[in-house]
Structures are given as C-alpha cells and as structure tokens.
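Reckoned from all heavy atoms, side chains included, excluding hydrogens, waters and symmetry mates.
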Amino acid sequence: MSIATKKPDALPPARASAGQRTGDRSRLIAYLVLLISSLGLLVVALRLPSSRWEPLGAGTFPALVLTLMIIISGFGIAQEARLRPRSGPGFSAFLRSHRLVIFTFVAFAIYTLVLPLLGFGISTFAFLLVVQFGLAPSTWTARIVALVVALVFSFGTAWFFADLFGIFLPRASLF
C-alpha cells in the first residue's frame, strides 16, 4: 500500500505592497546617489598629488575603495531596475512618504557647503540643531536635549580634538 502525496497548489505570485514598491524605489535612488557621489570622489582621489614617500600615491587606496563602491552600486542599480515594478504610487507620494529623509539629506548638503565658510563648530552646531528640531517632537524637553546634544557634539568635539589630539577641525574662512 503506497501513500500518494499530493503537491500543494502553486500559490499565485504575491503583489508588492505600496510600502515595498516605495522601498524598492528608495533603494534605487540610494544606489544612484552613491554611484554619482563615488564617481565624483574618485575624480578627486585620482587628482591627489603623489609624494616620494608613497610610491603609489595618496589617492590609491581611496580610488580602490571608490571603484569597489561604484561596481557594487552598479550591480545594485541593475538588480533594482530589474526587480522594480512598473506601476506604483506617483513621485509626489514618494516625496511625501520620505520627506524627513529628504529634509535630512538637504540639510547635510547645506552643511557640507557651509562647513568651509563657518568652520566646524558653528556649522555642526547649526546642522545638528536644525535636524534635531526637524525630526524630534516639539516639546520643551526634546528641544533642550537637542540644544545640549548640538553643543556637545559640535564645540565639544572641536575642543576634544584640538586639546587631546592636536588636530584642528576646519576653521571658518568667512570670519
């Protein structure tokens, strides 16, 4: 007597939810940003001058790491583009659902632009304060904590590096 086993019926392919589609789109955008920024940094790394003590040059290791990041980003873009669903929520829905990430990214871009002008202490303090006010709840406790964190991690870090290690973080060129 043999017992016949019945195969379970094949399940229909699952549809991607809106959250999964947005996550796929976010990963694709992240890979694109990583690819573009790695290409830009690779150009800068290849332009670093060589010295007589470093036969390969100062930009060799950064160029190697950035090339690896470009390759990985390329594979990630290819995979995400291949798996990306063809329909989904519009671009405005994407912007609405990722507004805090976009806010933080724009604040960081502005921070990197003003860092040489205002110096490490002032620009880091402003960046941390603005981002924390944008992301934290609007309570007095959260604002006081944000102020203390911004003070400690901006001016405290600059003081720590200058006094302990003798490394001076970027100073203001505007003043």
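- For CZ of Phe103, the number of neighbouring non-hydrogen atoms (other residues, nucleotides, ligands) closer than 6.0 Å is greater than 12.
- Within the 3.5 Å criterion, the main-chain N or O of Pro116 finds a donor-acceptor partner in the side chain of Ser173.
- Taking the side chain as every heavy atom from C-beta outward, Glu80 and Tyr31 approach each other to under 4.5 Å.
- Separation of atoms CG (Leu28) and CD (Gln79) is listed at 11.0 Å; rounding is to 0.5 Å.
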Please list, one pair per line, the donor and acceptor atoms closer than 3.5 Å that link side chains of residues 132-143 to other protein atoms, with sequence neighbours excluded.
from	atom 1	to	atom 2	distance (Å)
Gln132	NE2	Leu128	O	3.2
Gln132	NE2	Ala146	O	3.3
Thr139	OG1	Ala142	N	3.2

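- Here the side chain of Ser38 pairs no donor or acceptor atom with the backbone of Leu35 at under 3.5 angstrom.
- Summarising the geometry, atom OG1 belonging to Thr60 is positioned 8.5 Å from atom CG belonging to Leu64; distances are rounded to the nearest 0.5 Å.
- Using modelled atom types, no side-chain atom of Arg47 and backbone atom of Val44 make a donor-acceptor pair closer than 3.5 Å.
- For the pair Thr112 (side chain) and Ala109 (backbone), a donor-acceptor distance under 3.5 Å is present.
- Leu115 and Val106 fall into different hydrophobic clusters, where Ile, Leu, Val, Met, Phe, Trp and Tyr side chains are chained together by heavy-atom contacts under 4.5 Å.
- Criterion: ILVMFWY side-chain heavy atoms under 4.5 Å apart, direct or through other members. Under it, Phe125 and Val152 are not part of a common hydrophobic cluster.
- Clustering ILVMFWY residues whenever any of their side-chain heavy atoms sit less than 4.5 angstrom apart, transitively, puts Phe120 in the very cluster that holds Phe108.
- Interatomic distance, CG of Leu34 versus CD1 of Ile72, reported as 8.5 Å (0.5 Å rounding).
- Follow the hydrophobic side-chain contacts under 4.5 Å out from Val130 and you never reach Ile122; the two are in separate clusters.
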Using residues 153-162 as the side-chain source, report each donor-acceptor pair under 3.5 Å to any protein atom, sequence neighbours left out, with the distance given to one decimal.
from	atom 1	to	atom 2	distance (Å)
Ser154	OG	Ala150	O	2.5
Ser154	OG	Leu151	O	3.4
Thr157	OG1	Phe153	O	3.0
Trp159	NE1	Asp163	OD2	2.4

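- Val148 and Phe127 end up in the same hydrophobic cluster when Ile, Leu, Val, Met, Phe, Trp and Tyr side chains are linked at under 4.5 Å.
- Considering only residues two or more places apart in sequence or on other chains, Leu42 meets the side chain to side chain contact (heavy atoms under 4.5 Å, CB included) condition with Leu46, Ala63, Leu66, Thr67, Ile70.
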